[in-house]
Engineer: 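Below is a structure I'd like to ask you about.
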Amino acid sequence: DHADLDRAIAFHYEALELTPVGHPDRSISLNNLANALSAQFKQFGDYSDLEKAIAFHYEALELRPVGHPDHSSSLNNLACALSSRFEQLGDHADLDRAIAFHYEALELHPVGDPQLNNLPGVHLTQFVKLGDHPALDQTVSLNLKCMGSMNNAHHSYGRALSMLAIAVHMKWSSLKHGIDLETFVDLSERVTKFPPGTYRCHWNLVRVRMDHETPYYDPMAALELLDQLLCNPLSTKQALLKNACAILGEMSGSIDPALR
């Protein structure tokens, strides 16, 4: 509900006014407001929200220097926001800073810490935007390390498994190694066992199910999975519209007329 998010942001602004410069809790107010603005950007795509979030994250980081217990979380939050801006504007400096901040945070916490599971995603973005194959290998390696430090019941395990599946699918798309496709399908089917049941990798699984040239061609299964993806309450409107339009455009030329 957009109204709930608007109210939350208004309350965070009010809290910030009550924690002026010099107040011991100002970094907390800055961080909470920045995270709420980032969430609003992800939902509705207003670039000004992202710019404000980055500014607040930088200010919070200044108040949480090396040695502060929340230094790593501020590094992680700022890195995620910078990565989002890179995806929007393509400024390589944002990507470089995001990667540097993530690795700095990684030195302060063990691999597998939930707040650090964003690093593989940044390397995946690096591959998608720049075609950097070593970054794709880093995505796979870091995901395996994260998953190795979790058990199957860990709340971030499904997300890490999905990210690994996406990276493997991209390797297959680039190199067309059959083993990568087989691994991708296996990972994507395994991740359905983890709540909420549908993940980003399943958009790619829909594409594979619609591909006549793979042994996994199954348009009816693709339509069923697409319906589940569209009903996922945790997906943002932006992501749903972007992926659904792309998938439906591809489907229009792939489905047997008898099945339409």
Engineer: Okay, side chain of Ser188, backbone of Phe184: is any donor-acceptor separation there less than 3.5 Å?
Structural biologist: yes
Engineer: Does Arg26 have more than 12 heavy atoms from other residues, nucleotides or ligands lying within 6.0 Å of its CZ?
Structural biologist: yes
Engineer: Name all residues meeting the ring-ring contact (aromatic ring centres under 6.0 Å, His included) criterion together with His133; count only those two or more places apart in sequence or in a different chain, and write none if there are none.
Structural biologist: Phe127
Engineer: Could you tell me which non-hydrogen atom of Ser83 sits nearest to which non-hydrogen atom of Ala98, and how far apart they are?
Structural biologist: N-CB, 4.0 Å
Engineer: As an exercise, state the distance from CG of Asp91 to CZ of Arg85, rounded to the nearest 0.5 Å.
Structural biologist: 7.0 Å
Engineer: List the steps and the verdict of side chain to side chain contact (heavy atoms under 4.5 Å, CB included) for Gln40 and Lys52.
Structural biologist: CA-CA 11 Å; Gln40 181 161 267; Lys52 286 182 280 193; over 6 Å; no
Engineer: Are Leu130 and Leu119 joined in one hydrophobic group, where the rule is that I, L, V, M, F, W and Y side chains link up if heavy atoms are under 4.5 Å apart?
Structural biologist: yes
Engineer: Once you round to the nearest 0.5 Å, how far does NE2 of His23 lie from CG of Leu63?
Structural biologist: 12.5 Å
Engineer: State the OG1-NE2 distance between Thr183 and His177, to the nearest 0.5 angstrom.
Structural biologist: 12.0 Å
Engineer: Would a single hydrophobic cluster contain both Ile179 and Val168, if residues Ile, Leu, Val, Met, Phe, Trp and Tyr are joined by side-chain heavy-atom contacts under 4.5 Å?
Structural biologist: no
Engineer: Could you tell me if the side chain of Val122 sits less than 4.5 Å from the side chain of Phe101, heavy atoms only?
Structural biologist: no
Engineer: Does the side chain to side chain contact (heavy atoms under 4.5 Å, CB included) test come out yes or no for Phe44 and Asp49, once each step is laid out?
Structural biologist: CA-CA 9 Å; Phe44 304 106; Asp49 287 331; 5.9 Å; no
Engineer: Between Val185 and Phe194, is there a shared hydrophobic cluster once you connect ILVMFWY residues whose side-chain heavy atoms come closer than 4.5 Å?
Structural biologist: yes
Engineer: Ignoring hydrogens, what is the shortest heavy-atom contact between Asn151 and Tyr157? Give both atom names and the distance.
Structural biologist: O-CD1, 3.6 Å
Engineer: Same cluster or not: Met170 versus Tyr216, using hydrophobic residues (I, L, V, M, F, W, Y) connected whenever any side-chain heavy atoms lie under 4.5 Å apart?
Structural biologist: no
Engineer: Hey, is the main chain of Ser72 close enough, under 3.5 Å, to the side chain of Asn76 for a donor-acceptor pair?
Structural biologist: no
Engineer: Does atom CD of Glu51 have more than 12 heavy-atom neighbours from other groups under 6.0 Å away?
Structural biologist: yes
Engineer: Considering only NZ, NE, NH1 and NH2 on the basic side and carboxylate oxygens on the acidic side, decide whether Arg209 and Glu189 come within less than 4.0 Å.
Structural biologist: yes
Engineer: Could you tell me which non-hydrogen atom of Ala60 sits nearest to which non-hydrogen atom of Ser27, and how far apart they are?
Structural biologist: CB-O, 4.0 Å
Engineer: Would His154 and Met147 count as a side chain to side chain contact (heavy atoms under 4.5 Å, CB included) here? Give the steps.
Structural biologist: CA-CA 9 Å; His154 194 287; Met147 292 167 61; over 6 Å; no
Engineer: If you compare all heavy atoms of Ser74 against all heavy atoms of Leu61, which two are closest, and at what distance to 0.1 Å?
Structural biologist: CB-CD1, 3.8 Å
Engineer: Checking side chain to side chain contact (heavy atoms under 4.5 Å, CB included) between His202 and each of Asn204, Thr198, Val206, which is the one that passes?
Structural biologist: Thr198
Engineer: Sequence neighbours left out, what passes ring-ring contact (aromatic ring centres under 6.0 Å, His included) with His57? Give chain and number order.
Structural biologist: none
Engineer: With rounding to the nearest 0.5 Å, note down the distance linking CG in Asp25 to OG in Ser29.
Structural biologist: 6.5 Å
Engineer: Can you confirm whether Met163 sits close enough to Arg200 that some side-chain heavy atom of one is under 4.5 Å from a side-chain heavy atom of the other?
Structural biologist: yes
Engineer: Is it the case that one hydrophobic cluster holds both Leu16 and Ile9, taking links as side-chain heavy atoms less than 4.5 Å apart, direct or via other members?
Structural biologist: yes
Engineer: Got a second to check how far Leu164's CG is from Ser141's OG, nearest 0.5 Å?
Structural biologist: 10.5 Å
Engineer: Kindly indicate, with the supporting measurements, whether the criterion side chain to side chain contact (heavy atoms under 4.5 Å, CB included) is fulfilled by Leu226 and Trp203.
Structural biologist: CA-CA 7 Å; Leu226 181 60; Trp203 293 101; 3.6 Å; yes
Engineer: State which residue, out of Leu187, Val208, Leu205, fulfils the side chain to side chain contact (heavy atoms under 4.5 Å, CB included) condition with His169.
Structural biologist: Val208
Engineer: How about OH on Tyr13, more than 12 heavy atoms from neighbouring residues, nucleotides or ligands closer than 6.0 Å, or not?
Structural biologist: yes
Engineer: So, for Tyr217 and His212, which heavy atoms are closest and what is the spacing to 0.1 Å?
Structural biologist: OH-CE1, 3.2 Å
Engineer: Taking atom CG of Leu30 and atom CD of Glu59, what is their separation to the nearest 0.5 Å?
Structural biologist: 4.5 Å
Engineer: Got a sec, which residues hit ring-ring contact (aromatic ring centres under 6.0 Å, His included) with Tyr199, two or more places apart in sequence or on another chain?
Structural biologist: none
Engineer: Grab the two heavy atoms, one from Arg64 and one from His71, that are nearest each other, plus how far apart they are.
Structural biologist: O-ND1, 2.5 Å
